[in-house]
Amino acid sequence: MNSRSEYVNQKNFIQWDVRNLFPVIDEIHSIETVMEKVQHQQYLDKTEDVYRLNLVSEKGIFNDLNQILKLDNENLRGIGWACLGGIHTFNGNYKKAFMSFNMALDLPVTNDIKAYIFTELSNLLRKLGYFRECISILKQAQSLAENEKMLWRIKTYTGLCYRTDDPPYSLNLLKKSMHHYEKTREYYRLVNVLRHVAGIYLSRKDFTTAENYQNQATEIIVEKSVLIYEMDIMNDKGWLLIAKKEYDNARELFIKLMQNDLSPYLQSLALQNLGYLEFECKNYRAATNYHSQSLQIANRYEMRDMAFEDYYKLGLSHEKLGEVGLAEHFYYEGYTSLRSELDLGIRISGFRRRLLEAYIHFLSNNQRVPTIDPLKESLSFTDGKTMKQIREVFHKGLLTIHIQQTKNANELCNRLKINPRTFFLHQKKLELRRGVYDESQFENPHFKQYVESLTPFTWKETNLQFEEDLFRYLLSKYQHNKKKIAQVLQVSYQHVVQKTGKLI
């Protein structure tokens, strides 16, 4: 374990192996392509950080990152690319993050803007475990920065760099930032630092002190209306309960948290925490349910950091359940996603490393396990059924799970975004009753897992996804013979052509 003194003695430069992580950009993708899946809420958080530094004066300029990246002003474009790099860092899309920072660093910008770019880049290096390089970058940023807000941001990031290897020194730096933000009444920053401090005490199992700092953050959120962190601190408190092994209280808190309108990141995080909780309680089936829902959200919004934890936990949980085929599927899918980072030479840690080690261990114990096609296994129930019969089976399974997960019809309808009349018609038609559940309708665990993975989405989104998966499966099964598919489903040929047009 490295000490603070070892970091202090390092030369102020970036090692060549880290520089090599910056890819050569042969072509610049269109702005629409770059921005296609950037989360709106995360973008707002990043631009709020920049706006508070008073580095720009044009109000409203951050309403659309597309416009910033198109401007002739190099400083604004530098901020835009750094923001994009910060968003990709947050999501764990490291290759895209390096590309964004590379674009930002190529621009002739002022010292304060360059300090901001370096600070965001340091966050990426810290997440990758390059702590010495991170400290070096932050020293360069501090030597460039003239803006006081920027300087304190750099000091806060420096404190975070020592969080793992030198917690006392990290606490010393973070508490200085905490007192500064309290003095300057920057409550948005203060709450965030308090959460970091609480997190360090939590990692040291000092639960009383951690809870004290969480409570301070909660008081500021309420008194100063720093509502942006209201759900985050609720999640932090739930994790504290898990650490204290108060699982019933933690479960109740996270279920309550899930009833709020959460950002995709927080929704995925809450589901992961519930999955962790159930895994610790040896409720492996429930754990797979929560992690599969989280994985759907993580993949939809390209949150790679979240996805690797889900792949790891799904593989492990299915192993515990004796479902070796499903375990192999999730391990392999996670490893396939990880290979792009391994090819870059990026240092892997956290759940990435756990996933890799678990997969290697799994393969050594199950050398003859065949790779299965989860979609084929999930949709095999459709064989020999008409389109009408298939929809009925799917809708019955989907609504059964939603009824189990909600308190009443209103909550269910709000979740699926359908009117009550639509729900009651389906309930009557499918003979569904609250409290009476027929598990036999799920012909195999793959089908149930598939249906559970779609529960985070609306009724319309779920049905569109199901139809796409169904026709993809049928095209493979019948060698793209659309007339045969129409005959089996008892629908028109034109209907099949319409549904499969975008799948080819």
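Just so it is clear, the structure is predicted and the values come from calculations on it, not from any experiment.
- Taking a cutoff of 4.0 Å between a charged side-chain nitrogen and a carboxylate oxygen, Glu120 and Arg153 qualify as a salt bridge.
- Heavy-atom minimum distance, Asn147 versus Asp112: N-OD1, 3.2 Å.
- Lys460 NZ: 12 or fewer foreign heavy atoms inside a 6.0 Å radius.
- Ring-centre distance between Tyr335 and Tyr311: not below the 6.0 Å cut-off.
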* Could you please spell out the steps behind the side-chain hydrogen bond (donor to acceptor under 3.5 Å, both in side chains) verdict for Asn215 and Glu211? => CA-CA 6 Å; Asn215 289 337; Glu211 187 172 13; 4.6 Å; no
* Would you please test Tyr201 and Asn212 for side-chain contact (heavy atoms from CB on, under 4.5 Å) and show each step? => CA-CA 10 Å; Tyr201 282 112; Asn212 177 43; over 6 Å; no
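- Two residues are said to be in side-chain contact when any heavy atoms from C-beta on lie closer than 4.5 Å; Glu186 and Lys149 meet this criterion.
- In this structure, a donor-acceptor pair under 3.5 Å is present between the side chains of Asn289 and Gln293.
- When the shell of 6.0 Å around NZ of Lys176 is examined, it contains 12 or fewer heavy atoms from other residues, nucleotides or ligands.
- Distance check: Leu416 CG to Glu411 CD gives 10.5 Å after rounding to the nearest 0.5 Å.
- Counting only distance, with no hydrogens or angles, the side chain of Thr156 and the backbone of Trp152 share a donor-acceptor pair below 3.5 Å.
- Looking only at side-chain heavy atoms (C-beta outward), Tyr331 and Leu316 come within less than 4.5 Å of each other.
- Side-chain contact of Arg189 with Asn192: a donor-acceptor pair under 3.5 Å is absent, judged by distance alone.
- Atom-to-atom distance recorded for Asn273:CG and Arg251:CZ is 13.0 Å, nearest 0.5 angstrom.
- For the atom pair OH (Tyr290) and OG (Ser317), the distance works out to 13.0 Å, reported to the nearest 0.5 Å.
- Checking side-chain atoms of Ser136 against main-chain N and O of Arg132 turns up no donor-acceptor pair under 3.5 Å.
- Considering all non-hydrogen atoms of both residues, Ser170 and Gly159 come closest at OG-O, 2.7 Å.
- Between atom CG of residue Leu151 and atom CD of residue Gln142 there is a gap of 6.0 Å, rounded to the nearest 0.5 Å.
- Lys256 and Glu252 are not joined by a salt bridge, as no carboxylate oxygen comes within less than 4.0 angstrom of a charged side-chain nitrogen.
- Aromatic ring pairs are classed by plane angle as parallel below 30°, tilted from 30° to 60° and perpendicular above 60°; the pair Phe330 and His318 is parallel.
- Between Gln272 and His291 there is a side-chain heavy-atom pair separated by less than 4.5 Å.
- No donor-acceptor distance shorter than 3.5 angstrom exists from the side chain of Ser100 to the backbone of Ala82, with no hydrogens or angles considered.
- Minimum heavy-atom separation, Met258 to Ala270: SD-CB, 3.5 Å.
- Contact annotation: the side chain of Pro264 never approaches that of Arg300 to less than 4.5 Å [non-hydrogen atoms, C-beta and beyond].
- Taking CD of Glu133 as the reference point, atom CG of Leu138 lies at 11.5 Å (rounded to 0.5 Å).
- In this structure, Asn75 contributes its side chain and Thr110 its backbone to a donor-acceptor pair below 3.5 Å.
- At least one side-chain heavy atom of Leu105 sits less than 4.5 Å from a side-chain heavy atom of Leu121.
- A side-chain N or O of Gln465 and one of Asp469 form a donor-acceptor pair less than 3.5 Å apart.
- Ion pair Arg352/Asp305 flagged as a salt bridge, since at least one NZ, NE, NH1 or NH2 atom sits closer than 4.0 Å to an Asp/Glu carboxylate oxygen.
- Atom NZ of Lys237 is surrounded by more than 12 heavy atoms from other residues, nucleotides or ligands within 6.0 Å.
- With hydrogens and angles disregarded, a donor-acceptor distance shorter than 3.5 Å links the side chain of Asn463 to the backbone of Trp459.
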* side-chain contact (heavy atoms from CB on, under 4.5 Å) assessment of Leu173 paired with Lys155 -> CA-CA 7 Å; Leu173 293 178; Lys155 292 176 183 178; over 6 Å; no
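- The two atoms that bring Ser292 and Leu314 nearest to each other are N-CD2, 3.9 Å, heavy atoms only.
- Of the candidates Leu271, Leu269, Leu262, Leu271 is the only one forming a side chain to side chain contact (heavy atoms under 4.5 Å, CB included) with Ile297.
- Here the closest non-hydrogen pair linking Gly238 and Ala250 is O-CB, 3.8 Å.
- Although no hydrogens or angles enter the test, the distance criterion places no donor-acceptor pair under 3.5 Å between the side chain of Asn93 and the main chain of Lys96.
- Under the 4.5 Å side-chain criterion, counting only non-hydrogen atoms from C-beta, Ile233 is in contact with Asp236.
- Applying side chain to side chain contact (heavy atoms under 4.5 Å, CB included) to Tyr94 and the options Met99, Lys127, Arg304 leaves one that passes, Lys127.
- Contact annotation: the side chain of Gln140 never approaches that of Lys114 to less than 4.5 Å [non-hydrogen atoms, C-beta and beyond].
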* To do: Before giving the answer on side-chain contact (heavy atoms from CB on, under 4.5 Å), spell out for Phe254 and Asn235 the whole-Å C-alpha distance, their side-chain angles and the decisive distance to 0.1 Å.
  => CA-CA 7 Å; Phe254 282 120; Asn235 180 78; 3.2 Å; yes
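- In this structure, NZ in Lys499 is found 13.5 Å from CZ in Arg472, a value given to the nearest 0.5 Å.
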* Take His88 and Glu302, measure what side-chain contact (heavy atoms from CB on, under 4.5 Å) needs, and give me the verdict at the end. => CA-CA 9 Å; His88 285 318; Glu302 293 192 336; 5.5 Å; no
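- Residue Trp239 is tested with Leu277, Leu202, Leu253 for a side chain to side chain contact (heavy atoms under 4.5 Å, CB included); the sole match is Leu202.
- Taking all atoms of both residues into account, the shortest heavy-atom contact from Ser268 to Met303 is CB-CE, 4.0 Å.
- Using cut-offs of 30° and 60° on the angle between ring planes, the pair Tyr312 and Phe351 is tilted.
- Put simply, the side chain of Ser122 gets close to the backbone of Thr119: a donor and an acceptor are under 3.5 Å apart.
- No more than 12 heavy-atom neighbours from other residues, nucleotides or ligands sit within 6.0 angstrom of CG on Asp261.
- A salt bridge is absent between Arg354 and Glu309; no separation between the charged side-chain nitrogens and carboxylate oxygens falls under 4.0 Å.
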* Please test Tyr188 against Tyr181 for ring pair (Phe, Tyr, Trp, His ring centres under 6.0 Å), starting from the C-alpha separation and ending with a verdict. => CA-CA 9 Å; Tyr188 169 82; Tyr181 291 135; 9.5 Å; no
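- By the 4.5 Å heavy-atom criterion applied to side chains, Leu124 and Phe98 are counted as neighbours.
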